[in-house]
Protein chains: 2
Amino acid sequence: MPNESSAPRRRGAVRTEALLQVTLDLATEVGYAGLSIEAIARRAGVGKHTVYRRWPTKAALLLDALQRVWTRDLDYRPTGDLHTDLREQFLRSVSALTSPPLDPVYRAVIAEAQSDPAARAALHERFLRTVEQSTLEQVTRAQRAGQLRADVDLTFAAEVLCGTLYYRHLLTPHPVDEAAIDGLLDMFMAAYGTS
Amino acid sequence: MPNESSAPRRRGAVRTEALLQVTLDLATEVGYAGLSIEAIARRAGVGKHTVYRRWPTKAALLLDALQRVWTRDLDYRPTGDLHTDLREQFLRSVSALTSPPLDPVYRAVIAEAQSDPAARAALHERFLRTVEQSTLEQVTRAQRAGQLRADVDLTFAAEVLCGTLYYRHLLTPHPVDEAAIDGLLDMFMAAYGTS
DNA sequence: TCATGATCAGCACGCATCGTGCCGTTCCGG
DNA sequence: CCGGAACGGCACGATGCGTGCTGATCATGA
């Protein structure tokens with residue numbers, strides 16, 4: 001006789017969703033330091049097997065948790081003007097990356113990736129490449145519209161843009177503010193712009 | 001009566017040096033994963049107190065160990081030509097960062113810095129800033145020589161150069177090869193060069 | 001010369017996390 | 001309704017953390 005005051009035991013995909021959400025909650029409340037599999041299972045009221053059955057590694061779990069909140073803030077209607085669109089995209093990305101739950105989860109993934117080349121590759125494939133790709137689409141459109149020189153390796157250009165911002169955010173105490181973004185875009189346009 | 005076949009108990013600065021060297025050795029042999037204070041003390045034949053008395057944090061120890069091998073490969077006689085000098089400096093830095101013991105220790109510091117803002121600030125102040133500074137000196141010299149535009153924020157420019165390389169090295173699976181460095185320098189010169 | 005205090009190695013502790021194993025229960029599909 | 005998968009709970013050994021304590025060793029200065 002299941003007590004109606006106790007939640008029924010959830011399984012499968014529903015459990016998975018719940019676990020990812022708990023991970024994000026924990027990241028928000030106790031930060032990167034509190035993101036142990038043990039703590040996540042405890043908080044979720046779940047046996048550790050239930051976690052390990054789904055993710056072989058803490059990195060894998062964190063990557064999935066990250067994906068849960070990653071794409072939400074990236075939908076943006078481009079206006080067609082390169083400088084405006086890149087600026088808006090970068091501002092949104094930085095804003096998302098600066099506050100929980102994205103910030104602690106992201107930093108945890110970065111840390112995890114340093115000790116595991118596979119996790120590093122997954123991080124780049126699933127997230128960093130996404131941002132580079134989004135940037136690449138914008139600069140490609142601008143190039144076709146004649147706003148950028150035709151002889152430019154846009155893939156590399158996108159990497160420079162994103163890399164500079166990530167570097168500052170992850171490895172320096174300086175904030176990625178509008179001044180930084182504007183400076184970066186100015187340099188970019190000076191190098192590759194047609195005007 | 002001290003047995004001459006057993007090494008005399010070392011103290012003070014000598015001990016400190018030995019511990020840093022053990023840290024680098026461990027990093028070379030077992031990599032980032034093996035860099036626990038416990039393992040370092042064990043390998044050095046030393047009580048853990050002897051480590052904790054010197055460094056309050058694993059991050060502090062790693063930062064000091066890093067400094068031991070950091071500056072060695074950076075002495076380089078600039079020729080006066082910006083492109084050549086930057087290229088040479090970046091090639092050397094990347095080469096040093098790619099192999100042990102620098103690579104595992106560096107990655108350990110990066111990981112540590114993600115969970116501790118103080119460690120992050122120390123990392124930037126003691127190492128990243130050093131590289132930025134070295135780059136800054138070169139571009140400043142070039143600006144005075146008229147090779148770069150006069151209206152450029154060189155500090156920011158140096159950050160872009162270094163940040164791009166660090167991003168690729170630390171967070172992507174792509175190697176920082178000559179093509180990447182050349183592409184970066186081409187973009188830099190296109191943006192800020194006077195010719 | 002010798003005493004004092006700092007430094008040291010070794011051991012132990014309590015705590016936490018990891019990854020795994022086992023048990024008995026709950027739930028779902030056939 | 002039954003069999004098997006998923007589950008919660010518990011326990012285990014291993015490892016690292018940071019901190020005590022003890023007794024030996026060393027440097028210094030009186």
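Lettering of chains follows the sequences in order, A, B, ..., and the numbering in each one begins at 1. Because the structure is predicted, anything quoted here is derived from the model rather than measured.
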*asked:* Under a 4.0 Å threshold between the charged nitrogen and the carboxylate oxygen, would E178(B) count as salt-bridged to R87(B)?
replied: yes

*Between E38(B) and R43(B), is there a salt bridge with N-O shorter than 4.0 Å?*
no

Could you tell me if the ring centre of H124(A) sits under 6.0 Å from that of H174(B)?
yes

- Message: Does dA6(D) have its OP1 or OP2 closer than 4.0 Å to a side-chain nitrogen or oxygen of R53(A)?
- Response: no

I want to check something: taking the side chain as every heavy atom from C-beta on, are P101(A) and V69(A) in contact at a cut-off of under 4.5 Å? yes

Problem - Residue-phosphate contact under 4.0 Å: R42(B) side-chain N/O, dG16(D) OP1/OP2 - result: yes

L61(B) CG to dG18(D) C1', in whole Å, measures 15 Å

Would you indicate what K48(B) reaches in the nucleic acid, counting non-hydrogen atoms under 4.0 angstrom: base, sugar-phosphate, or nothing?
base

Axis-to-axis angle across the helix from dT1(C)-dA30(D) to dG30(C)-dC1(D), five pairs each end, nearest 10 degrees, ~ 10°

Close side-chain approach of V109(A) and F127(A), heavy atoms under 4.5 Å = no

Atom NE2 of H49(B) and atom P of dT22(D) are separated, to the nearest Å, by 12 Å

Residues in residues 23-40 of chain A with a heavy atom under 4.0 Å of DNA chain C, by number, are S36(A), I37(A), E38(A)

Separation of dG16(D) atom P from K58(B) atom NZ, nearest Å, is 9 Å

note: E112(B), atom CD; dC17(D), atom P; distance rounded to Å ~ 9 Å

>> Can you tell me if T50(A) touches the phosphate of dA6(D), counting only side-chain N or O atoms and a distance under 4.0 Å to OP1 or OP2?
In response: no

Check this one for me: any side-chain N or O of R15(A) less than 4.0 Å away from OP1 or OP2 of dA5(D)? no

So CD1 of I181(B) and CZ of R168(B): to nearest 0.5 Å the spacing works out to 9.5 Å

Please indicate whether R129(B) has more than 12 foreign heavy atoms, meaning atoms of other residues, nucleotides or ligands, lying under 6.0 Å from its CZ.
no

So that I can tick it off, tell me whether E137(A) and R141(A) are bridged by a salt bridge, with the cut-off set at under 4.0 angstrom between side-chain N and carboxylate O. no

Exercise for review: Assign the ring pair Y106(A) / Y166(A) to parallel, tilted or perpendicular, where the plane angle (0 to 90°) is split at 30° and 60°.
Suggested key: parallel

